[in-house]
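Down below is the structure, laid out as structure tokens.
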Amino acid sequence: MALLTLKLPFIIKLFLFLATIKGVVGYCYTSIFGFGDSLADTGNLCLNHSCLSPPYGETYFHHPTGRCSNGRLIIDFTAESLGLPLVQPYLGIKNGSGISIQEGINFAVAGATALDASFFVERGIDVSTDISLGVQLDWFKEILPSLCNTSSKCNEIFGSSLFLMGEIGGNDYNYPFFLHRSIEEIQTFVPLVIKAIASAINELIELGAVTLMVPGNLPIGCSAAYLTSYETADTDQYDPETGCLNWLNKFSEYHNDQLQKELSRIQALHPHTNIIYADFYNSSMRFYRNPSQYGFTGGALTACCGGGGPYNCNTSAECGDPSASACDDPSKYVSWDGVHLTEAAYRWITTGLLDGPYTIPQISISCVSQDA
Ligand SMILES: *[C@@H]1O[C@H](CO)[C@@H](O)[C@H](O)[C@H]1NC(C)=O
Ligand SMILES: *[C@@H]1O[C@H](CO)[C@@H](O)[C@H](O)[C@H]1NC(C)=O
Ligand SMILES: *[C@@H]1O[C@H](CO)[C@@H](O)[C@H](O)[C@H]1NC(C)=O
Ligand SMILES: *[C@@H]1O[C@H](CO)[C@@H](O)[C@H](O)[C@H]1NC(C)=O
Ligand SMILES: *[C@@H]1O[C@H](CO)[C@@H](O)[C@H](O)[C@H]1NC(C)=O
């Protein structure tokens, strides 16, 4: 950051530019602040949850960390690409682990919804945590004084931070879908979910955030848990190329379209910010279409870790339960436990975002605020 605000000779700029193309380093982001659900939770989950049992974490950390995967998540690969340490979970920091919070904090919690938990409880829908997006924002505001005390200091810190707003919203649909609530009912949640995400983004902008990356929903019709829950003999419901359920992917597309429209509105109202859409859907669709090209020889739809069934996804024997077991080589699978993806899949999604075409507008991982 400081480096680039100097008037560097052209040749050095050229060098930095070339270094960026190779994805070597990020000079400008000094920290990452994360919000979201189990796709981004790096250890806030303190409930009695299967993600805290082996074989979760077996591949990279060699023990469960609270991450709902065998290894690193998209937020971890993003931090690595920016040359930053893995983003520490807020609850670990609160418990006084003594680590630096200046390089970022992760507020994401597995099971979190964009809408308040009460929204679901009122509709007879059980949620596994009440740490919704609004609560995560309250956590952020709680810790704010230990980050910065004056608005100019806050603007300085947050102006060079990357805010990862999600993925969030997926659970707002997962809970009712797994109860087989009607799609008509669940569709009515979409504008409310988008509004909740937008309001969190607006609050962060007011607090000084400049660059926000906002992921859309994954193609839920390709999820082993959805494929199991909505298995049907009606072959017309499946995409013949991928084996995914079309109507569920259409639902994800609907959410993603609405989200992108809202992001454009926010961007137009705040021209000094960078509101970046992270296209998880299309970045992952690549390997659902051509699994073997990405090394997924175990297939893209069957879970690595599970308790049997056509997609190795069984609600009475879930990954982490003694009655479930994991495949030998998770890197050959897209789906880790039926709901969450493997480290290998998350790595491909991240390279698609940071080095590929799946951020809109394209994220610059070298420098954001030369003009500021
Ligand atoms: C955690 O789950 C186990 C098995 O389902 C149960 O026996 C135990 O009481 C639970 N603990 C808490 C704190 O909920
Ligand atoms: C933080 O400490 C509390 C109370 O000791 C504990 O219940 C919780 O699991 C801890 N959380 C983390 C993330 O370490
Ligand atoms: C902000 O002020 C509080 C109270 O005076 C102090 O404890 C804290 O360390 C300060 N934070 C920073 C980042 O200077
Ligand atoms: C990406 O995904 C969305 C659904 O979220 C779809 O509408 C769009 O056409 C896709 N874009 C590309 C370039 O494939
Ligand atoms: C799901 O798990 C239960 C409990 O382990 C087992 O009895 C059942 O056969 C499994 N179902 C399938 C389809 O494998």
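None of these values were measured; they are calculated from a predicted model. Numbering of ligands and ligand atoms starts at 1, following listing order.
- Counted by atom type alone, Thr113 and Ser132 present zero donor-acceptor pairs between their side chains at under 3.5 Å.
- Heavy-atom proximity to Asp257, at under 4.0 Å, picks out these atoms of ligand 4: 7 (O).
- In summary, the atoms of ligand 5 found under 4.0 Å from a heavy atom of Gly308, numbered by their order in the structure, are 14 (O).
- With ligand atoms numbered from 1 in the order given, ligand 4 contributes 1 (C) to contacts under 4.0 Å with heavy atoms of Asp279.
- Note: Phe140 and Phe33 meet the aromatic proximity criterion, with ring centroids under 6.0 Å apart.
- Residues passing the side-chain hydrogen bond (donor to acceptor under 3.5 Å, both in side chains) test with Ser316 are Asn314, sequence neighbours excluded.
- Under the ring pair (Phe, Tyr, Trp, His ring centres under 6.0 Å) criterion, Phe177 pairs with Tyr226, Phe251, sequence neighbours left out.
- Note that CG of Leu354 and CD of Gln362 are 8.5 Å apart. Values are rounded to the nearest 0.5 Å.
- Note that CD1 of Ile266 and NZ of Lys261 are 14.5 Å apart. Values are rounded to the nearest 0.5 Å.
- Taking any N or O of Ser323, backbone or side chain, none lies under 3.5 Å from an N or O belonging to ligand 5.
- Donor-acceptor pairing under 3.5 Å is recorded for the side chains of Arg67 and Thr65.
- The atoms of ligand 5 that sit less than 4.0 Å from any heavy atom of Gly307 are 1 (C), 2 (O), 10 (C), 14 (O).
- Residues forming a side-chain hydrogen bond (donor to acceptor under 3.5 Å, both in side chains) with Tyr175 (at least two apart in sequence, or on another chain): Ser128.
- Protein neighbours of ligand 3 below 4.0 Å, counting non-hydrogen atoms: Pro145, Ser146, Leu147, Cys148, Asn149.
- Ligand-side atoms of ligand 4 in range of Glu253: 4 (C), 5 (O), range being under 4.0 angstrom from any heavy atom.
- For ligand 5, the atoms closer than 4.0 angstrom to any heavy atom of Asn314 are 1 (C), 2 (O), 3 (C), 8 (C), 10 (C), 11 (N), 12 (C), 14 (O).
- Taking the six-membered ring where the residue is Trp, the centroids of His180 and Tyr230 are separated by under 6.0 Å.
- Each of the following atoms of ligand 4 lies closer than 4.0 Å to a heavy atom of Asn256: 5 (O).
- A parallel orientation is assigned to the rings of Phe35 and Phe163, their planes being inclined by less than 30° (bins at 30° and 60°).
- Within the listing of ligand 5, atoms 2 (O), 5 (O) sit less than 4.0 angstrom from a heavy atom of Ala317.
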